[in-house]
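In each ligand, atom 1 is the first atom listed, and ligand 1 is the first ligand listed.
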Amino acid sequence: MKLTLVSFLLCYYYFIYITHASPDSVVLEDQQNFVCLEDQQSLLLQFKNNLTFEPVISRQLDWNNSTDCCDWGGVICDYEGHVIVLNLFNQELISGGFNNSSSLFSLQHLQTLVLSYINFNSSFPSGFTKLEKLTYLDLSHCHFYGTLSNSISNLTDLTYLDLSENDLSGAIPSSLFTLPSLEQIYLENNQFSKPINVEPSSIPKLNTLNLASCNLKNFPSFLINLSTLSSIDLSNNQIQGVLPNWIWKLQSLYKLNISHNLLTELEGPLTNLTSNYIYSVDIHHNQLQGSLPAFFDSAVYLDYSMNKFTSIIPQNIGIYLSSTSFISLSHNNLHGSIPNSLCNASHNVLDLSFNNFSGSIPSCLMTMTETLRVLNLRRNKLQGQIPNKFSAFCALQTLDLNGNLLHGSVPKSLAHCSKLEVLDIGTNQIVGRFPCFLQHIPTLSVLVLRNNKFHGTLRCSKAKNPWKMIQILDIAFNNFSGKLPEKYFRTLKKMKGEDDNVEPRIIGFAINGVYYQDSVTLMIKGQKMELVKILTIFTTIDLSSNHFEGQIPEDLMDLKALIVLNLSNNAFSNEIPSTIGNLKQLESLDLSNNHLVGKIPMQLASLSFLSYLNLSFNHLVGKIPTGTQLQSFQASSFEGNYGLYGPPLTEIPNGTRLDKPHPQPTCGRLAGSIDWNFLSVELGFVFGLGIIIGPIMFWKQWRVRYWKLVDKILCWMFSRMYLEYATDRGQTYTVLRWG
Ligand SMILES: *[C@@H]1O[C@H](CO)[C@@H](O)[C@H](O)[C@H]1NC(C)=O
Ligand SMILES: *[C@@H]1O[C@H](CO)[C@@H](O)[C@H](O)[C@H]1NC(C)=O
Ligand SMILES: *[C@@H]1O[C@H](CO)[C@@H](O)[C@H](O)[C@H]1NC(C)=O
Ligand SMILES: *[C@@H]1O[C@H](CO)[C@@H](O)[C@H](O)[C@H]1NC(C)=O
Ligand SMILES: *[C@@H]1O[C@H](CO)[C@@H](O)[C@H](O)[C@H]1NC(C)=O
Ligand SMILES: *[C@@H]1O[C@H](CO)[C@@H](O)[C@H](O)[C@H]1NC(C)=O
Ligand SMILES: *[C@@H]1O[C@H](CO)[C@@H](O)[C@H](O)[C@H]1NC(C)=O
Ligand SMILES: *[C@@H]1O[C@H](CO)[C@@H](O)[C@H](O)[C@H]1NC(C)=O
Ligand SMILES: *[C@@H]1O[C@H](CO)[C@@H](O)[C@H](O)[C@H]1NC(C)=O
Ligand SMILES: *[C@@H]1O[C@H](CO)[C@@H](O)[C@H](O)[C@H]1NC(C)=O
Ligand SMILES: *[C@@H]1O[C@H](CO)[C@@H](O)[C@H](O)[C@H]1NC(C)=O
Ligand SMILES: *[C@@H]1O[C@H](CO)[C@@H](O)[C@H](O)[C@H]1NC(C)=O
């Protein structure tokens, strides 16, 4: 939960950062000699008086009476001393009052007004029509609510209008689309509940239209006559049905984003679409069916992912993709083989994940890694080996082949990929020893070998700074064995929190203004989770379900930045190191199903972020440290441990599974009752003990007392015998075992 929130916030700020750079037409130079008119100065001061500045703001508006207003920050005057530019961009710590009678509306010479990120928290004022000379108006992120009605009409010179990211509701007024000079409109992310009323007919110069998240239900048909339109963003609406064919024929169309809608069909014919200049097509996350639409030989960015396309990829696809640098067909139902012709372009990102592709991986995909940065073939039905053909100048950052039917070993030429950040080949049938040669890749952050057939130890030859950047190491469900090498974890700088690069970021990179994010599926807190964004501060080690043995290394406890540690289902023995208290960031710890002995170290209770703990089915003893957060975990976190007691378990030692012998037999413990059937079977062949003590057994008090004696005798007689508590159908028994 915490993680999702953090990653969301980071993503959010990043998004704001990349999408809203300062408009370059607005100059903040105040090197000018014009003298401010007195009324202009006083109007600005009145406006300022209505603003509230947060105390933490470092650069307050430097507006005061003792200087000329033409020299004030964010203000530019014309030669007569009229204010023509007011730009308060990036002053997000200001809030303020702004209504119909604001003094701003008297600054009648204003041409550029930028008040974005000021929290006005008021209904949208109607005075803008008075600012007849406005050409550039940016009121994005201002917390305006209410309707627009005709508040922005008659502005015949307006070329740029940005009202995005407010809470405006009602209908989008058609008057907006009659402004004759308008070139760019941004209305995305408001609460508009009705479509544009009266459809507008002509906006002769409009080139950019952003109506993302505007609750549109139908495809706006008036676009058909907008021959100047080059960028259309209708994403995140509820547009249903058919995407009209004429959209592709708009003369100037360059960029189309209709992702996140409910479209089911692309109107045909979809041939001969290769003649215009379309650059970016984003139709992802709709319900489009049938065969893949024609490709556009000019397109650089194609995102067809998350639809219901069911066809094969045409063998000659390569000729249509000569310019494409980003192509995603992921999350569809595409089948057949991956055509070789895909290699004929110089892609940066090729994402075919979550389809039904079969056959083998074309080796030319590995050869083309000089340009390829992301190759994602996750969750298909690909067979054969991973071609050992990685280019000597491999630039790959992400290789994701998880969830296929691949066999063979990890190709050695992968070592050429010195920029590799994410390697996920989990859930295949890959064999071999631990790929030590990857320890030299300085950027490798995510290594997932989970659920394959790897074997042997983790021991690698000495290297300089091996695994320096590793933050996710998941090698669970393999046949790895042996002790964890000493000093092995010492070099994991990232996990030790010694990485210099402290600013957390999301693994991936920006391409065409869109951030490509890597994702990975992990077991966290006992559940399968898909991390759709991998924050560079997220760290996990999962060695579970292998055959590791020996002590849990002390070095592991130096990984102060570790968040998830899973060593379950191995044969780790000895005690839990008390230095576990160093892992202050730990949120999830699973040591279940090992041979750990001794007490639970007090230090475990000091891990304040720990929200998942599983120590079950070990040989831990003693009282669970009380008065700590350890009591907040379920009893199942501790079950199956001989002699572990105290809340959340019962106050007295409870018992253990029958099939798990205790390694340090203790003689002479008090037993509540005895499983005589079981005991006689186990002892029967040694001697007829049952017969000797038989009659006494039915007299309860004697039974208990007498058994203590028998218990002692047996222990004395057979040093290799020991008693064990067992629970069956709610009853606790003592069982004699030898071993
Ligand atoms: C006005 O601005 C000048 C220069 O920025 C500053 O020295 C002066 O203290 C300010 N006066 C007031 C009243 O804020
Ligand atoms: C600024 O100066 C003008 C006269 O120069 C005066 O009328 C006005 O009250 C002053 N405003 C403030 C806020 O001091
Ligand atoms: C802001 O200032 C003007 C002029 O001083 C005033 O008329 C108005 O009521 C103030 N409040 C708002 C919310 O604009
Ligand atoms: C602003 O003025 C318009 C009409 O000019 C009116 O409809 C609207 O209610 C006024 N807004 C406020 C907050 O008074
Ligand atoms: C604007 O807000 C001020 C308070 O700041 C108030 O006195 C004035 O009446 C409001 N004007 C309108 C037209 O709502
Ligand atoms: C807007 O004002 C209302 C009432 O004063 C307040 O509850 C709300 O939190 C404010 N919203 C923002 C975004 O400041
Ligand atoms: C806008 O223009 C129309 C006609 O051109 C005129 O009737 C109306 O008064 C104007 N509105 C404003 C606020 O200037
Ligand atoms: C597009 O323009 C043609 C002729 O200019 C006109 O007949 C048609 O109604 C217009 N379509 C829309 C949707 O405005
Ligand atoms: C299209 O819009 C969606 C949602 O608004 C956004 O996430 C995506 O990055 C956009 N695509 C492009 C290519 O800009
Ligand atoms: C496609 O365009 C070619 C010429 O560019 C033309 O000969 C052919 O008839 C067109 N096909 C369709 C289906 O429009
Ligand atoms: C790839 O391009 C080469 C020449 O650039 C050409 O000979 C080959 O036929 C093309 N392959 C495919 C599958 O289009
Ligand atoms: C302890 O025994 C009681 C009944 O005797 C049982 O209900 C409970 O589940 C046992 N607890 C554990 C952790 O085995």
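- A donor-acceptor contact under 3.5 angstrom links the side chains of Asp233 and Ser235, judged on distance only.
- Ligand 5 has Ser101 within reach: a non-hydrogen atom of the residue lies less than 4.0 Å from it.
- Closest non-hydrogen pair, Cys214 versus Glu188, comes out as SG-CA, 4.3 Å.
- Relative ring orientation between Phe105 and Phe128 is described as perpendicular, the plane-to-plane angle rising above 60° on a 0-90° scale split at 30° and 60°.
- Within a 4.0 Å radius of atom 4 (C) of ligand 6, the protein contributes no heavy atom.
- Atom NE2 of His260 has more than 12 heavy atoms from other residues, nucleotides or ligands within 6.0 Å.
- Among the atoms of Asn99, some N or O lies under 3.5 angstrom from an N or O of ligand 5.
- Atom numbering of ligand 6 starts at 1 in the shown order; those under 4.0 Å from a heavy atom of Asn119 are 12 (C), 13 (C), 14 (O).
- Here the straight-line distance linking atom CG of Leu377 with atom CG of Leu399 works out to 7.5 Å at 0.5 Å rounding.
- Taking CG from Asp39 and CG from Leu44, the interatomic distance works out to 9.5 Å, rounded to the nearest 0.5 Å.
- Within 4.0 Å of atom 14 (O) of ligand 6, at least one protein heavy atom is present.
- At least one heavy atom of Ser259 sits less than 4.0 Å from an atom of ligand 9.
- In this structure, His331 and Phe354 have parallel ring planes: the angle between them is below the 30° cut-off, well short of the 60° mark.
- Inclusion of Lys255 in the set of residues having an N or O under 3.5 Å from an N or O of ligand 9 is not warranted.
- Residue Asp282 approaches ligand 9 through these ligand atoms, each under 4.0 Å from one of its heavy atoms: 1 (C), 8 (C), 10 (C), 11 (N), 12 (C), 13 (C).
- Taking the six-membered ring for Trp and thresholds of 30 and 60 degrees, Phe144 and Phe98 have ring planes inclined between 30 and 60 degrees apart.
- The protein reaches atom 11 (N) of ligand 6 closely, with a heavy atom under 4.0 angstrom from it.
- Residue Ser280 places no N or O, backbone or side chain, under 3.5 Å from any N or O of ligand 9.
- Contact annotation: for Ser235 versus ligand 9, heavy atoms closer than 4.0 Å belong to the side chain alone.
- Closest protein heavy atom to atom 6 (C) of ligand 6: Asn121 ND2, 4.1 Å.
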